[in-house]
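Worksheet: one structure, shown below.
Since this is a predicted model, take the numbers as computed values, not measurements. Every heavy atom of this structure was used, including side-chain atoms; hydrogens, water molecules and symmetry mates were not. Per chain, numbering begins at 1; letters A, B, ... match sequence-line order.
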There are 2 protein chains.
Amino acid sequence: MPNFSFGSTQGRAQPVVVEQARFHSMCDACESREASVCAALDEHDLHRLAAAAVVIEADPGRTFITEGDAADNFYNLTRGTVKLYKLLPDGRRQITGFAHRGDFLGLAVSRNYAFSAEAIDRVRYCRFSRRGLRTLLDDFPVMEKRLLDVASNELVAAQEQMLLLGRKTAKERLASFLLAQEMRKTPCVHSDQPLSLSMTRGDIADYLGLTIETVSRTFTRLKNDGLIAIFHTDHIVILDRDGLIRLADGYTLDH
Amino acid sequence: MPNFSFGSTQGRAQPVVVEQARFHSMCDACESREASVCAALDEHDLHRLAAAAVVIEADPGRTFITEGDAADNFYNLTRGTVKLYKLLPDGRRQITGFAHRGDFLGLAVSRNYAFSAEAIDRVRYCRFSRRGLRTLLDDFPVMEKRLLDVASNELVAAQEQMLLLGRKTAKERLASFLLAQEMRKTPCVHSDQPLSLSMTRGDIADYLGLTIETVSRTFTRLKNDGLIAIFHTDHIVILDRDGLIRLADGYTLDH
DNA sequence: CGAGCAATTGAGACAAGTCAAAGCTGGTGG
DNA sequence: CCACCAGCTTTGACTTGTCTCAATTGCTCG
């Protein structure tokens with residue numbers, strides 16, 4: 001599911017500008033074109049789109065959008081995984097989502113980003129100026145439709161996450177998370193391949209509204225219940241998908 | 001802030017169709033036109049919009065959108081307040097938001113509503129068919145832009161709510177809620193008028209991811225702290241706005 | 001005036017948090 | 001090649017904020 005969010009290109013050291021994406025061929029051969037909003041454009045329109053973009057790479061841990069900063073740019077992720085989060089003054093953190101190849105970041109009506117974005121692994125993205133986006137959307141209404149669809153899906157996902165954060169138990173949260181991860185990796189197809197998690201226990205905890213310790217203990221409980229198997233902490237095999245689904249959907253009254 | 005959400009026109013007894021909104025004057029004189037997406041349209045376009053709408057009234061407690069039902073219609077609320085929620089099989093409920101005059105409901109990419117909607121007080125809304133919306137948006141790109149803006153704002157609000165549900169204490173949640181309610185009622189202006197809450201303690205609890213008892217106790221604690229005064233359970237006066245803001249923003253380490 | 005519902009308050013239980021210690025893993029350099 | 005360090009994860013013991021259960025109060029309306 002594409003991500004659509006809000007969140008300055010600043011950090012300890014600047015991310016690396018890889019290329020000016022001013023050639024038609026740039027977007028034409030983009031590794032994530034089908035996955036992104038750019039899929040809505042035909043060859044000719046891609047040319048104009050490319051003229052407005054700068055391709056940038058960022059190392060793991062790099063924060064390239066900071067909550068509260070002026071929302072001057074928006075981003076289209078073409079490679080890697082990014083975590084989006086909000087902070088409270090005392091350091092409490094809530095990860096509001098993970099963005100992947102094809103996802104759109106930084107769209108905001110307000111003058112400032114409402115969240116921060118940090119690369120989890122090595123990341124590549126296209127950067128557009130806010131003004132650039134506006135004229136682009138005016139010229140290509142089809143992209144606007146696409147953005148609306150993406151935003152609608154994001155809203156559905158956000159509501160689901162509110163249900164999780166407000167009403168589900170730790171076990172239910174982790175079950176929901178694992179199923180969502182698997183669904184994202186291989187939609188529909190149920191492979192027996194282990195699911196590899198790119199995020200740490202801390203990230204999972206901050207995404208599910210739990211602590212690291214509770215996430216760890218809950219992994220162990222799911223393992224002991226025979227629902228999953230764990231290899232090397234970040235490779236998970238789902239042993240009982242139906243059981244996990246029942247758990248995630250809140251059917252369990254027993255523990 | 002306008003609401004933009006997802007959630008069949010069904011319930012125990014059907015809501016009352018008040019009028020076919022087929023006359024130009026209908027939307028022209030609409031009590032919530034400025035507040036809604038319709039504000040984007042000029043006189044001429046309003047004519048076409050009205051042709052597609054049915055005006056309906058519903059009593060308090062009426063559920064007019066049910067999660068999981070086919071998403072055949074979408075709605076524009078013109079009067080009253082609506083709660084939007086998701087349920088787990090055992091009855092646990094999460095209210096994902098409250099919709100007010102001017103808010104848009106039911107926009108969904110998926111075939112089914114992702115949430116239910118229930119009238120809190122007497123409600124009036126315009127109902128459009130899904131197909132109607134599609135052709136409308138095709139004809140009036142300006143409305144699509146408007147919807148995108150609304151959806152963007154909703155997403156920002158949803159992220160804020162995730163922070164609240166995942167990381168804030170009961171006191172912080174209620175403080176955030178009260179400030180948001182006041183902000184919605186009188187944006188910017190800080191009146192000394194008591195804030196009147198249209199929802200029950202149960203609704204507030206299900207919105208904040210708490211129980212009725214905790215909400216009640218937390219109201220009492222805020223009162224004892226001198227932050228608010230409570231009249232008649234549903235009329236609140238904010239006595240110390242700055243204190244409440246600090247609390248809501250998570251600055252408090254003491255209690 | 002009593003039925004019914006919402007809200008409050010109290011007492012005790014429990015799920016998840018906190019604090020602390022130890023295990024595991026991967027990288028680095030002697 | 002191995003020892004050591006640093007960071008992540010797991011596990012244990014204990015605490016606590018919120019939930020659950022239950023009783024009481026207060027309000028509204030017939």
Side-chain angles (χ1 to χ4, degrees), chain A residues 59-61 83 88 90-94 120-121 164-175 177 196-225 228-236 247 250 252-255, chain B residues 60-61 83 88 90-94 120-121 164-175 177-178 196-225 228-236 247 250 252-255:
Chain A
D59 290 327
K83 54 188 171 195
L88 289 172
D90 62 0
R92 281 175 285 171
R93 185 177 70 156
Q94 180 64 42
I120 289 182
D121 45 21
L164 181 148
L165 293 170
R167 291 299 180 218
K168 289 187 181 177
T169 66
K171 245 172 145 175
E172 292 166 347
R173 294 182 198 202
L174 193 54
F177 172 74
S196 74
L197 303 175
S198 52
M199 62 286 286
T200 66
R201 294 288 187 266
D203 288 342
I204 297 172
D206 285 345
Y207 181 57
L208 300 179
L210 302 169
T211 59
I212 293 179
E213 296 92 328
T214 298
V215 169
S216 181
R217 275 188 258 268
T218 307
F219 264 115
T220 306
R221 291 205 289 158
L222 293 181
K223 187 182 68 183
N224 292 342
D225 291 350
I228 61 170
I230 304 173
F231 303 109
H232 220 249
T233 81
D234 58 354
H235 283 72
I236 310 293
L247 182 55
T252 48
L253 298 172
D254 55 299
H255 50 87
Chain B
K83 54 188 172 196
L88 289 172
D90 62 0
R92 280 175 285 171
R93 184 178 70 155
Q94 179 64 41
I120 289 182
D121 44 22
L164 181 150
L165 293 170
R167 290 299 180 218
K168 288 188 182 177
T169 66
K171 243 172 147 176
E172 292 166 347
R173 294 182 198 203
L174 193 54
F177 172 74
L178 290 174
S196 73
L197 302 175
S198 52
M199 60 288 285
T200 65
R201 293 288 187 267
D203 288 341
I204 297 172
D206 285 346
Y207 181 56
L208 299 179
L210 301 169
T211 58
I212 293 179
E213 296 92 327
T214 298
V215 168
S216 181
R217 275 187 258 267
T218 307
F219 264 115
T220 306
R221 291 204 289 157
L222 293 182
K223 188 182 67 183
N224 292 341
D225 292 350
I228 62 170
I230 304 173
F231 303 109
H232 221 248
T233 80
D234 58 353
H235 283 70
I236 311 291
L247 182 55
T252 49
L253 299 172
D254 55 299
H255 50 84

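The closest donor-acceptor contact from the side chain of B:Arg173 to the backbone of B:Leu165 lies under 3.5 Å. At least one donor-acceptor pair under 3.5 Å links the side chain of B:Arg92 to the backbone N or O of A:Arg167. For the pair A:Ser216 (side chain) and A:Ile212 (backbone), a donor-acceptor distance under 3.5 Å is absent.
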What are the atom names and distances for every N/O pair under 3.5 Å that joins the protein to nucleotides 4-7 of chain D?
none

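If you check every strand for non-hydrogen atoms under 4.0 Å, B:Ser216 touches a base.
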(request) Just do the side chain to side chain contact (heavy atoms under 4.5 Å, CB included) check on B:Leu174 and B:Ile204 with the steps written out, would you? (result) CA-CA 9 Å; B:Leu174 193 54; B:Ile204 297 172; 4.2 Å; yes
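B:Arg173 places its CZ atom 13 Å from the C1' atom of D:dC19, with the value rounded to the nearest Å. Here the P atom of nucleotide C:dA15 and the NZ atom of A:Lys171 are 11 Å apart, to the nearest Å. Rounded to whole Å, the distance from CG on B:Leu197 to P on C:dA6 is 16 Å. A straight line from CZ of B:Arg221 to C1' of C:dT8 spans 15 Å, rounded to a whole angstrom. The nearest whole Å value for the distance from the CD1 atom in A:Ile212 to the P atom in C:dC19 is 13 Å. We find that CZ of A:Phe219 is positioned 12 Å from P of D:dT11, with the value rounded to whole Å. Per the geometry, CG belonging to B:Asp234 stands 14 Å off C1' belonging to C:dC5, to the nearest Å. Per the geometry, CZ belonging to A:Arg201 stands 15 Å off P belonging to C:dC24, to the nearest Å.
Of the inter-residue distances, the one linking B:Thr218 atom OG1 with B:Phe177 atom CZ reads 12.5 Å to the nearest 0.5 angstrom.
Ion pairing of A:Lys83 with A:Asp206 is absent here, as no side-chain N (NZ or NE/NH1/NH2) approaches a carboxylate O to less than 4.0 Å.
Under the 4.5 Å side-chain criterion, counting only non-hydrogen atoms from C-beta, A:Leu247 is not in contact with A:Asp225. Using a 4.5 Å heavy-atom cutoff, the side chains of A:Leu88 and B:Lys168 are in contact.
Residues B:Thr214 and B:Leu210 share a closest heavy-atom pair of CG2-CD2, 4.2 Å. The two atoms that bring B:Val215 and B:Arg201 nearest to each other are CG1-CD, 3.8 Å, heavy atoms only. Considering all non-hydrogen atoms of both residues, A:Gln94 and A:Gly209 come closest at OE1-CA, 4.0 Å. A:Pro60 approaches A:Ile120 most closely through the heavy-atom pair CB-O, 3.3 Å.
For A:Thr233 and C:dT25, the shortest distance from a side-chain N or O to OP1 or OP2 is not below 4.0 Å. Using a 4.0 Å cut-off, no side-chain N or O of B:Thr169 falls inside it from OP1 or OP2 of D:dG17.
One end of the helix from C:dC1-D:dG30 to C:dG30-D:dC1 points its axis 30° away from the other end's axis, with each axis taken from 5 pairs and the angle rounded to 10°.
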(request) At under 4.0 Å between heavy atoms, which parts of nucleotides 20-30 of chain D does protein reach? Answer with one letter per nucleotide, 5' to 3': B base, S sugar-phosphate only, - none. (result) BB-----SS--
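Ranked by how close their nearest DNA chain D nucleotide is to the 5' end, A:Arg167 and A:Lys223 are led by A:Lys223.
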